[in-house]
Amino acid sequence: SWFEMSDVTINGFQTGYQLENSLGATLTKCFFRDNLYGMVANQTTLLPPNAVTLYDCIISSNKNIGLAISNCLLFNMIGGDVEANGWGSSHPRSGGVSIDKTSDTPIIINFTGVYFEANATSADVSFYNADFAANNNINFSGCSFVRYGTDSDKFSPNCISIYCGSNTSN
């Protein structure tokens, strides 16, 4: 299935946008705000998300996670903002972007010109890899990671965190 959406604002829901069993999706100038989860792209029993592209989308002020990506074969975010997500949540992976890799299929995730600011937990972008050796590519080009204020409770201490089994690197 293929999905396109432009100039849509979704706020105040459990999940702003849930993508499952999709071969592709393009979202342009969409706004996901004040949901429990801003956007979730995950694999179910049929297909992993593939060829998902966000252009100039804003993912902001979502209570648990702004953007949760699980086993997505190809994901692109071009422009837009990921900011102020995960505050006030007890979710263990709360924050801006959570990338979860639980299969041995390689993934490619690209962030180009994205603005990250004031997301909760240990990093604006967290990559969780369950010790799979397949080639994974997570690329950042022209992105801004901005720290908010002077005290550590207003921003994540790291821009990017990588968790591989019991190993952690920031």
Side-chain angles (χ1 to χ4, degrees), residues 1-11 15-20 22-33 35 37-43 47-62 64-86 93-103 105-129 132 134-148 155-164 169-170:
S1 65
W2 182 261
F3 183 80
E4 291 186 36
M5 183 165 69
S6 294
D7 299 312
V8 174
T9 298
I10 300 173
N11 63 313
T15 302
Y17 176 66
Q18 177 86 31
L19 178 67
E20 293 181 354
S22 177
L23 293 176
T26 300
L27 285 67
T28 305
K29 295 184 180 179
C30 294
F31 192 38
F32 305 104
R33 180 182 174 85
N35 303 291
Y37 299 88
M39 179 181 168
V40 176
N42 63 350
Q43 179 176 359
L47 301 168
N50 187 22
V52 178
T53 302
L54 279 61
Y55 292 103
D56 297 321
C57 292
I58 297 173
I59 301 171
S60 175
S61 302
N62 295 287
N64 290 334
I65 299 173
L67 174 60
I69 306 166
S70 178
N71 295 324
C72 191
L73 302 178
L74 175 61
F75 180 90
N76 301 295
M77 184 168 184
I78 302 164
D81 302 343
V82 178
E83 59 183 300
N85 295 289
R93 294 185 179 179
S94 65
V97 178
S98 176
I99 303 166
D100 199 11
K101 176 83 174 353
T102 60
S103 73
T105 305
I107 62 170
I108 300 171
I109 309 232
N110 300 302
F111 293 97
T112 305
V114 178
Y115 177 86
F116 295 92
E117 179 184 350
N119 292 294
T121 65
S122 66
D124 289 303
V125 179
S126 297
F127 175 53
Y128 300 91
N129 185 5
F132 290 100
N135 292 329
N136 299 306
N137 295 288
I138 302 175
N139 305 299
F140 296 87
S141 176
C143 295
S144 298
F145 292 87
V146 177
R147 296 295 166 249
Y148 179 77
F155 60 85
S156 55
N158 302 296
C159 300
I160 302 162
S161 287
I162 300 171
Y163 304 92
C164 295
S169 124
N170 297 310

### Message
Check this for me: Tyr55, atom OH, are more than 12 non-hydrogen atoms of other residues, nucleotides or ligands nearer than 6.0 Å?
### Response
no

### Query
Is there a side chain to side chain contact (heavy atoms under 4.5 Å, CB included) between Asn71 and Lys101 once you walk through the steps?
CA-CA 5 Å; Asn71 295 324; Lys101 176 83 174 353; 4.2 Å; yes

### Task
Starting from the C-alpha separation in whole Å, work towards a yes-or-no answer on side chain to side chain contact (heavy atoms under 4.5 Å, CB included) for Val114 and Leu54.
CA-CA 10 Å; Val114 178; Leu54 279 61; over 6 Å; no

### Query
If every non-hydrogen atom of Pro106 is compared with every non-hydrogen atom of Leu73, which pair is closest and at what distance?
O-CD2, 3.9 Å

### Query
Taking the side chain from Asn42 and the backbone from Ala68, do they hold a donor-acceptor pair closer than 3.5 Å?
no

### Query
Hey, are the side chains of Ile162 and Asn129 touching, using non-hydrogen atoms and a 4.5 Å cut-off?
no

### Donor-acceptor contact below 3.5 Å, side chain Asn85 vs main chain Ile65
no

### Query
Which distance, rounded to the nearest 0.5 Å, do you find between the CG of Asn35 and the CG of Asn62?
5.0 Å

### Message
Does Leu74 form a side chain to side chain contact (heavy atoms under 4.5 Å, CB included) with Asn110? I'd like the steps, not just the answer.
### Response
CA-CA 8 Å; Leu74 175 61; Asn110 300 302; 4.1 Å; yes

### Task
Could you grab the distance from atom CD1 of Ile69 to atom OG of Ser98, nearest 0.5 Å is fine?
8.5 Å

### Message
For Phe116, give me all partners under ring-ring contact (aromatic ring centres under 6.0 Å, His included), at least two apart in sequence or on another chain.
### Response
Phe111, Phe145

### Query
Do Phe127 and Ile160 touch side chain to side chain, with heavy atoms closer than 4.5 Å?
no

### Task
Report yes if some heavy atom in the side chain of Tyr17 is under 4.5 Å from a heavy atom in the side chain of Val8; otherwise report no.
no

### Task
Compare all side-chain heavy atoms of Met77 with those of Val97 and state whether any distance is below 4.5 angstrom.
no

### Query
Between Ile107 and Ile99, is a side chain to side chain contact (heavy atoms under 4.5 Å, CB included) present by the stated rule, with each step listed?
CA-CA 10 Å; Ile107 62 170; Ile99 303 166; 4.1 Å; yes

### Task
Identify the heavy atoms of Ser161 and Ala123 that sit nearest to each other, and give their distance.
OG-CB, 3.3 Å

### Query
If you round to the nearest 0.5 Å, how far is OH of Tyr37 from CD1 of Ile59?
15.0 Å

## Note on the structure
In terms of heavy-atom contacts, Asn119 and Ala84 come closest through OD1-N, 3.4 Å

### Query
Going from CG on Leu67 to CG on Asp124, what distance comes out if it is rounded to the nearest 0.5 angstrom?
12.5 Å

### Query
CZ of Arg33 to CG of Asp81: how many Å apart, nearest 0.5 Å?
11.0 Å

### Query
For Phe32, what residues pass the ring-ring contact (aromatic ring centres under 6.0 Å, His included) criterion, not counting sequence neighbours?
none

### Message
Within this structure, what is the CG-CG distance for the pair Leu27 and Asp7, rounded to the nearest 0.5 Å?
### Response
11.0 Å

### Task
Could you list the residues that satisfy side-chain contact (heavy atoms from CB on, under 4.5 Å) with Thr9, not counting sequence neighbours?
Asn11, Phe31

### Message
Looking at every heavy atom in both Met5 and Cys30, which two are closest together, and how far apart are they?
### Response
O-SG, 3.7 Å

